[in-house]
Amino acid sequence: MLAFEPVTVQTALRLGACFAAQPFRACDYTVGAVFQWRAYFSSAVAFVGPMAILRADYPGEGRFYMFPVGAPAGDAASLDAALTAIEADAAGRRVPLQYCAVPEEGVAALTARYGGRAVCAPHRDWADYLYNLSDLQTFPGKPFHGKRSHLNRFLRENPGSRYVPVTAETLPRAQAFLAEYARHAGMDKPIEREEMFRSLELLDCALPLGLRAGFVETADGAIVALAIGEVIGDTLYVHVEKAVLDVPGAYQAIVSAFAVNEAEPDTRYCNREDDSGEEGLRRSKESYQPIRLIDKYWVTIDPNA
């Protein structure tokens with residue numbers, strides 16, 4: 001059976017090299033997302049050659065494998081070896097052979113391998129929102145009139161505000177802001193409380209994990225918004241995004257500033273992750289005009305078909 005180990009800072013860094021080779025843009029295959037949610041999903045990782053295999057337990061749904069990643073494009077042998085290892089692991093543990101958060105590219109590989117035995121279903125609540133990076137940087141044109149107005153109001157009412165990257169020197173201030181934010185945030189649902197706690201933990205580990213983080217502060221040094229993310233390939237991923245609600249335009253300020261300051265020259269897209277089925281969050285993410293949803297699939301291999 002596979003030798004799974006917990007997701008730690010060290011294993012997450014090893015995962016980073018595997019994620020760098022993945023051709024899809026699902027947030028589940030990023031260092032920050034895996035590390036942030038590792039406890040909630042009881043995540044564990046095993047390595048087969050150049051491939052990383054993640055395992056996750058979804059509350060109320062059971063144990064799943066994630067699609068293996070890490071081999072260069074066209075390395076069919078390494079993918080075959082990883083999928084064969086997963087099959088043996090599931091059989092040895094006597095658990096169903098089922099996959100979670102499989103990107104479309106992975107669905108194609110699994111259906112090619114298993115044919116009609118692969119029962120695939122998308123999960124809308126876990127679909128990621130993908131945006132043009134330039135849209136979030138400047139909020140251009142009529143579709144973004146409201147967002148641009150909010151940002152302009154923030155800039156008008158807070159002259160001298162600026163974006164500050166999180167470094168070893170500025171990390172304590174960022175931690176103090178997020179801790180204070182957590183004390184006043186409304187968290188009625190267990191998933192909301194979990195997300196807040198894990199956001200605090202992710203910020204603590206952002207620098208050793210090689211993540212990007214920063215905050216918007218006013219001229220008098222008051223932090224009003226913060227974000228944490230990373231860049232993989234041509235995509236900026238946003239794992240955490242918090243802003244003080246009673247400061248008009250603070251959310252638009254951090255969305256824009258993070259997209260401007262943390263992207264690479266060749267970054268084209270921004271993934272602001274899923275909405276977990278929360279209606280308010282869904283409306284908010286839709287209002288930023290995503291160019292598409294990145295669907296992820298739950299795939300069960302029927303042993304009797």
Side-chain angles (χ1 to χ4, degrees), residues 7 11-12 14-38 40-41 43-45 50-58 61 64-73 79 82-83 86 98-112 118 120-133 136 191 195 198 202 209 211-212 227-241 259 263 267-278 281-282 285-286 288 290-300:
V7 176
T11 54
R14 186 177 176 187
L15 277 169
C18 297
F19 292 150
Q22 53 101 347
F24 30 86
R25 299 186 180 91
C27 72
D28 305 74
Y29 300 86
T30 63
V31 170
V34 169
F35 189 83
Q36 181 178 4
W37 293 99
R38 70 195 189 286
Y40 184 76
F41 292 113
S43 300
V45 61
M51 307 293 282
I53 300 169
L54 281 157
R55 187 185 71 191
D57 293 343
Y58 274 72
E61 298 184 43
F64 293 81
Y65 300 91
M66 291 177 64
F67 190 75
V69 293
L79 177 58
L83 292 174
I86 290 174
Q98 50 190 9
Y99 295 83
C100 66
V102 179
E104 292 178 353
E105 297 88 341
V107 170
L110 293 178
T111 53
C120 308
H123 202 315
R124 173 64 181 85
D125 291 352
W126 299 109
D128 291 349
Y129 291 81
L130 189 72
Y131 306 82
N132 280 323
L133 180 75
L136 300 186
I191 189 68
E195 191 275 337
R198 298 304 168 189
L202 187 64
L209 286 171
L211 303 180
R212 298 162 188 247
I228 308 170
E230 64 188 285
V231 173
I232 299 178
D234 61 4
T235 304
L236 172 66
Y237 296 82
V238 182
H239 303 310
V240 174
E241 200 174 67
T267 306
R268 296 178 58 196
Y269 304 104
C270 182
N271 182 324
R272 295 177 67 232
E273 303 194 348
D274 57 76
D275 58 38
S276 304
E278 203 282 306
L281 190 56
R282 179 167 298 185
K285 295 198 174 188
E286 288 175 342
Y288 282 88
I291 56 173
R292 74 179 180 96
L293 293 177
I294 298 177
D295 286 321
K296 290 168 277 188
Y297 295 79
W298 272 240
V299 181
T300 299

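- Residue H239 is tested with R272, R198, E273, R212 for a side-chain hydrogen bond (donor to acceptor under 3.5 Å, both in side chains); the sole match is E273.
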Does Y237 form a side chain to side chain contact (heavy atoms under 4.5 Å, CB included) with V231? I'd like the steps, not just the answer. CA-CA 6 Å; Y237 296 82; V231 173; over 6 Å; no

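- For the atom pair E105 CD and L110 CG, the distance stands at 11.5 Å (nearest 0.5 Å).
- The shortest non-hydrogen separation linking K296 to A26 is CD-CB, 3.9 Å.
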Show the numbers, then the answer: is there a side chain to side chain contact (heavy atoms under 4.5 Å, CB included) between R124 and D275? CA-CA 9 Å; R124 173 64 181 85; D275 58 38; 3.5 Å; yes

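- Rounding to the nearest 0.5 Å places SG of C100 at 8.0 Å from CZ of F41.
- Shortest non-hydrogen contact noted between P50 and C18 is O-SG, 3.7 Å.
- In this view, T300 and Q98 satisfy the side-chain contact (heavy atoms from CB on, under 4.5 Å) rule, not counting sequence neighbours.
- For the atom pair CG of N271 and CG of L130, the computed distance is 6.0 Å after rounding to the nearest 0.5 Å.
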Apply side chain to side chain contact (heavy atoms under 4.5 Å, CB included) to the pair C270 and V238, showing each step before the final yes or no. CA-CA 7 Å; C270 182; V238 182; 3.7 Å; yes

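- Here the closest heavy-atom approach between residue I53 and residue A82 is recorded as CD1-O, 3.7 Å.
- Remark: the backbone N or O of D274 is paired with a side-chain donor or acceptor of K285 at under 3.5 angstrom.
- Side-chain contact between L79 and M51: present, with at least one pair of heavy atoms (C-beta onward) separated by less than 4.5 Å.
- Note: R268 CZ to L133 CG = 10.5 Å, rounded to the nearest 0.5 Å.
- When all heavy atoms of Y99 and V102 are compared, the pair lying nearest together is CB-CG2, 3.5 Å.
- Rounding to the nearest 0.5 angstrom, the gap separating the CG atom in L54 from the CE atom in M66 is 5.0 Å.
- Remark: D295 engages no residue in a side chain to side chain donor-acceptor pair (under 3.5 Å) (not counting sequence neighbours).
- A heavy-atom distance below 4.5 Å is not found between the side chains of I228 and E241.
- What you find for G16 and V31 is that their closest heavy atoms are CA-CG2, 3.5 Å.
- Atom-to-atom distance recorded for W126:CH2 and I294:CD1 is 15.5 Å, nearest 0.5 angstrom.
- Electrostatic pairing of D128 and R25 does not count as a salt bridge here, judged by no charged N lying under 4.0 Å from a carboxylate O.
- In this structure, Y129 and Y131 have parallel ring planes: the angle between them is below the 30° cut-off, well short of the 60° mark.
- Annotation: side chain of L211 is not in contact with side chain of F35 (no heavy-atom distance under 4.5 Å).
- Taking all atoms of both residues into account, the shortest heavy-atom contact from I232 to Y29 is CD1-O, 3.8 Å.
- Side-chain atoms of D28 and V34, non-hydrogen and from C-beta on, never get closer than 4.5 Å to each other.
- Considering only residues two or more places apart in sequence or on other chains, E61 meets the side-chain contact (heavy atoms from CB on, under 4.5 Å) condition with Y58, F64, H123, W298.
- When side chains are defined from C-beta on, N132 counts as touching Y269, because their heavy atoms get closer than 4.5 Å.
- Put simply, the side chain of D125 does not reach to within 4.5 Å of the side chain of S276, judged on heavy atoms.
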